[in-house]
Number of protein chains: 2
Amino acid sequence: MTQGEAPARSTRSRPTMREVAALAGVAIKTVSRVFNGVPTVDPAIVTRVREAADQLGYRPNLTASSLRRGDGRTATIGMLVEDAANPFSAALTRTVENVARARGVLVLVGSLDEDPARERELAQALVDRRVDGLVIVPAGRDQSYLINEQRTGTRMVFVDREAGLLDADAVVSDNRQGALTAVEHLIKAGHRRIAYLGDRPTIPTAAQRFDGYRHALEVAHLPYDEAIVQQVPAGEEAAVAATKRLLELPDPPTALFTSQNLVTIGALRALRALGLQDTVAQVGFDDFPLADILNPGISVIAQDVEEVGRRAAEMLFHRLDGDESPTRTVTVPTRLIERGSGEITAGGPRHD
Amino acid sequence: MTQGEAPARSTRSRPTMREVAALAGVAIKTVSRVFNGVPTVDPAIVTRVREAADQLGYRPNLTASSLRRGDGRTATIGMLVEDAANPFSAALTRTVENVARARGVLVLVGSLDEDPARERELAQALVDRRVDGLVIVPAGRDQSYLINEQRTGTRMVFVDREAGLLDADAVVSDNRQGALTAVEHLIKAGHRRIAYLGDRPTIPTAAQRFDGYRHALEVAHLPYDEAIVQQVPAGEEAAVAATKRLLELPDPPTALFTSQNLVTIGALRALRALGLQDTVAQVGFDDFPLADILNPGISVIAQDVEEVGRRAAEMLFHRLDGDESPTRTVTVPTRLIERGSGEITAGGPRHD
DNA sequence: CGACGCTGAGACAACGTTGACTGGGCGAGA
DNA sequence: TCTCGCCCAGTCAACGTTGTCTCAGCGTCG
């Protein structure tokens, strides 16, 4: 801890157009015109106003401006994600920010931690600040509380999961198809006893991925066995425990489909702890950094997070530009990345 | 792509206090009082107003409110980080958000990508929206453009790096000491030829870490050799290449100190590509997910990101609460985490 | 030489809200 | 019974800005 020299006093308050106008010897409205680039102002006066503004350190007040302006736009959008700190949310935020920045729009961010009450509170807080639009990764299953905001002009796009009880645009990954691909890939490697490890099915994406898992088994005429299905609250520890439970079964699975990021990591920790990482196959849903450098590399179904974020932001701004076409749900495909763990063949004890 | 059913029309505009007042049969001011929890309102009227508000879907306009209110607070702070998508920035954002949320304050986020011009633009954009305060991980070395904002009441705290040419609060990690610890640790394991791989020294934190490296060598009376120092632009690819250059020297280092996240990851990729991960020791600055699961685990100097973010946010809000004490720089200690890679002893060819 | 149009700047009101003040009604004390 | 004071709700203006309207000044054309 170091001490600074002088206290940073806040003495004067911020200068307003009135003061700039007084110093430049013009009317307030003229200052307004200068800062809005209205061409019908005498160049000499423009210079005079700009100099006065610089001298005072004047900056236009965008909140006042947006209040008075016809459209009431704040050049700000709100973004509600699961957790600003997790890689998926962070990547999404960044992509949306990039699109927004190109239009001079800033992004307010809030983390929901899968809590529907918090979703509602934060959405309201954003609406109260009159954001022009919202990008939401919903935590709850009911967004009907936004009907009124939607009707009164707040544009919104849902990401990763569709809105519940609300007709709104959405951009989602193809969860079901991704899961299907993952499980089919394991089946192709000869596995007939494939475990499912994932989030609880109350989370829509988890339900869709689980659905893809079951569908893949069905297509391959493999039996569905509840004993090797673990739907646990997301989190590494829970996933580690669940994986251990599965592998200690008398009749353990020869492959794992882990349908969420933290679950994937938990499972691979468990496999390593048991020395089974080269024996039991694994495909995870969602890519993560360093997945390629592990031994074996972790095969995953990768979501195209950038594409999802970009499409969502573009849809939102399209709406803000006046697009009144029917709402759409855009589905972004996923991609299988083979790195080793998913290509381990069924070598252990066979069960057919 | 799925089609929705009906277009989401924006017909009516948002209701105002005026309309609520008309419906409830009271004066606007009374509605204002109800929404501000002023106790001198007849409970029957409170109910009537609330019902009218609910019926209309009224939500107070915080921008208008903040304009009129004495303090002009917007209950919004700005946060400028290097890149919202990288783990350090994301964790920082989340921590600041947590502290802010407890006070009903939202966070506007912007990514700077190490571009001083963008820092300036975004800081101005935030000020123009009248954020109450700023948390900044500066990209440039000169923040004097903020002197005026500071004087007119915008509070600000710098994070990770101190402000340049501006007297402001800051919270930083102990970069120099952390680097010193890392290199001393490698020296203790018997290494006498320790390479430095890091960002270019124009970035203050990189310079401090480099300084710690040199100091450790000095203390141990080891020679400083420019041949095994690589100061490259951050990024995995550049780090991979730099590491390979070092290891292909006729007289290669037996240990690496990698002073930045992406550099650390690049170096470990290079080591693996060359099959040297169990031969050449490595300590990285900054922890990263899965560092413990690699083989060997990667020893790091971990920054306490949560502590840094929390302290910064708390300092900011303290200032907003009226703290006028001299500015301070808070230094948060780092911590060595031993996981294997840093404990590899100097076994290869000796050079003394 | 007078009317007209145009250019460029100012006056005024309003955006949605709240601070300061006002005023009506009612109970209590003289 | 009258007055004083208090409680509670209303009126008015203002926050900093911009949309609308007005108007002064000047050049042009008949």
Side-chain angles (χ1 to χ4, degrees), chain A residues 12-50 52-53 56-75 127-132 152-154, chain B residues 12-50 52-53 56-75 127-132 152-154:
Chain A
R12 286 179 317 149
S13 66
R14 195 168 287 286
T16 70
M17 274 193 178
R18 177 201 299 290
E19 294 164 57
V20 175
L23 183 59
V26 296
I28 294 183
K29 180 75 229 219
T30 302
V31 179
S32 166
R33 278 194 264 256
V34 170
F35 275 87
N36 286 286
V38 174
T40 66
V41 184
D42 187 317
I45 293 189
V46 172
T47 314
R48 205 141 45 97
V49 168
R50 292 223 173 276
L56 294 173
Y58 170 77
R59 292 254 90 209
N61 184 332
L62 247 57
T63 68
S65 166
S66 111
L67 179 62
R68 182 60 182 88
R69 285 189 126 95
D71 55 10
R73 292 283 172 85
T74 52
V127 167
D128 292 353
R129 280 167 184 75
R130 295 299 185 268
V131 292
D132 299 333
T152 53
T154 307
Chain B
R12 286 180 317 150
S13 67
R14 195 168 287 286
T16 70
M17 274 193 178
R18 177 200 301 289
E19 293 165 57
V20 176
L23 184 59
V26 296
I28 295 183
K29 179 76 230 218
T30 302
V31 179
S32 166
R33 277 193 265 256
V34 169
F35 275 86
N36 286 286
V38 175
T40 65
V41 184
D42 187 315
I45 293 189
V46 171
T47 314
R48 206 141 46 97
V49 168
R50 292 223 174 275
L56 294 173
Y58 170 77
R59 291 254 90 209
N61 184 331
L62 246 58
T63 66
S65 166
S66 110
L67 179 62
R68 183 59 182 88
R69 286 190 124 95
D71 56 11
R73 292 283 173 86
T74 52
V127 166
D128 291 353
R129 280 168 184 75
R130 295 300 185 266
V131 293
D132 300 333
T152 53
T154 306

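Sequence lines set the chain letters: A, B, ... in the order given, protein chains first and strands last, and positions in each chain run from 1. The figures here come from the full heavy-atom set of this structure, side chains too, leaving out hydrogens, waters and symmetry mates.
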Inset, instruction - Classify the side chain of B:Arg33 versus the base of D:dG10 as yes if they form a donor-acceptor pair under 3.5 Å and no if they do not. - result: yes
Inset, instruction - Answer yes or no: side-chain N or O of A:Lys29 and base N or O of C:dG8 forming a donor-acceptor pair under 3.5 Å. - result: no
Legend entry - Of B:Asp42 and A:Tyr58, the one whose closest DNA chain D nucleotide lies more 5': B:Asp42
Inset, instruction - For B:Ile28 and D:dC8, give me the distance from atom CD1 to atom P, rounded to whole Å. - result: 22 Å
Inset, instruction - For A:Met17 and C:dA14, give me the distance from atom CE to atom P, rounded to whole Å. - result: 20 Å
Inset, instruction - Whole angstrom is fine here: how far is it from CD in B:Glu19 over to P in C:dT17? - result: 10 Å
Legend entry - Side-chain donor or acceptor of A:Arg59 paired with backbone N/O of A:Arg14 under 3.5 Å: no
Inset, instruction - Mind calculating the distance between CZ (A:Arg14) and P (D:dT17) to the nearest angstrom? - result: 10 Å
Inset, instruction - For B:Phe35, answer base if it contacts any base atom (sugar-phosphate contacts may also be present), sugar-phosphate if it contacts only those atoms, and nothing otherwise; contact means non-hydrogen atoms under 4.0 Å. - result: nothing
Legend entry - Main-chain N/O of A:Pro43 paired to A:Thr47 side chain as donor or acceptor, under 3.5 Å: yes
Inset, instruction - Give a yes or no on whether the backbone of B:Ala44 and the side-chain of B:Asp42 come within a donor-acceptor separation of less than 3.5 Å. - result: yes
Legend entry - Value in whole Å for how far the C1' atom of D:dG10 lies from CD1 of B:Ile45: 11 Å
Inset, instruction - Could you check how far CZ of A:Arg130 sits from P of C:dC15, rounded to whole Å? - result: 14 Å
Inset, instruction - Would you classify B:Leu62 as touching base, sugar-phosphate or nothing, given that sugar-phosphate means primed atoms plus P, OP1 and OP2, and contacts are heavy atoms under 4.0 Å? - result: nothing
Inset, instruction - Applying side chain to side chain contact (heavy atoms under 4.5 Å, CB included), run through A:Leu67 and B:Arg68 and close with a yes or a no. - result: CA-CA 11 Å; A:Leu67 179 62; B:Arg68 183 59 182 88; over 6 Å; no
Inset, instruction - Give A:Ala64 one of three labels, base, sugar-phosphate or nothing, depending on what nucleic acid heavy atoms sit under 4.0 Å from its own. - result: base
Legend entry - Short side-chain N/O contact from B:Arg68 to OP1 or OP2 of D:dA14, under 4.0 Å: no
Legend entry - Separation of C:dA9 P from A:Asn36 CG (nearest whole Å): 15 Å
Inset, instruction - List the steps, then state whether side chain to side chain contact (heavy atoms under 4.5 Å, CB included) holds for A:Thr16 with A:Asn61. - result: CA-CA 8 Å; A:Thr16 70; A:Asn61 184 332; over 6 Å; no
Legend entry - Short side-chain N/O contact from B:Ser32 to OP1 or OP2 of C:dT17, under 4.0 Å: no
Inset, instruction - Quick one: label A:Thr30 by what it contacts on the DNA or RNA (base, sugar-phosphate, nothing), any heavy atom closer than 4.0 Å. - result: sugar-phosphate
Inset, instruction - Check whether any side-chain nitrogen or oxygen of A:Asn61 sits under 4.0 Å from OP1 or OP2 of D:dC15, and answer yes or no. - result: no
Legend entry - Phosphate contact (C:dT17 OP1 or OP2) by B:Arg18 side-chain N/O below 4.0 Å: no
Legend entry - Side chain of B:Leu67 (C-beta onward), nearest among C:dA9, C:dG16, C:dT18: C:dG16
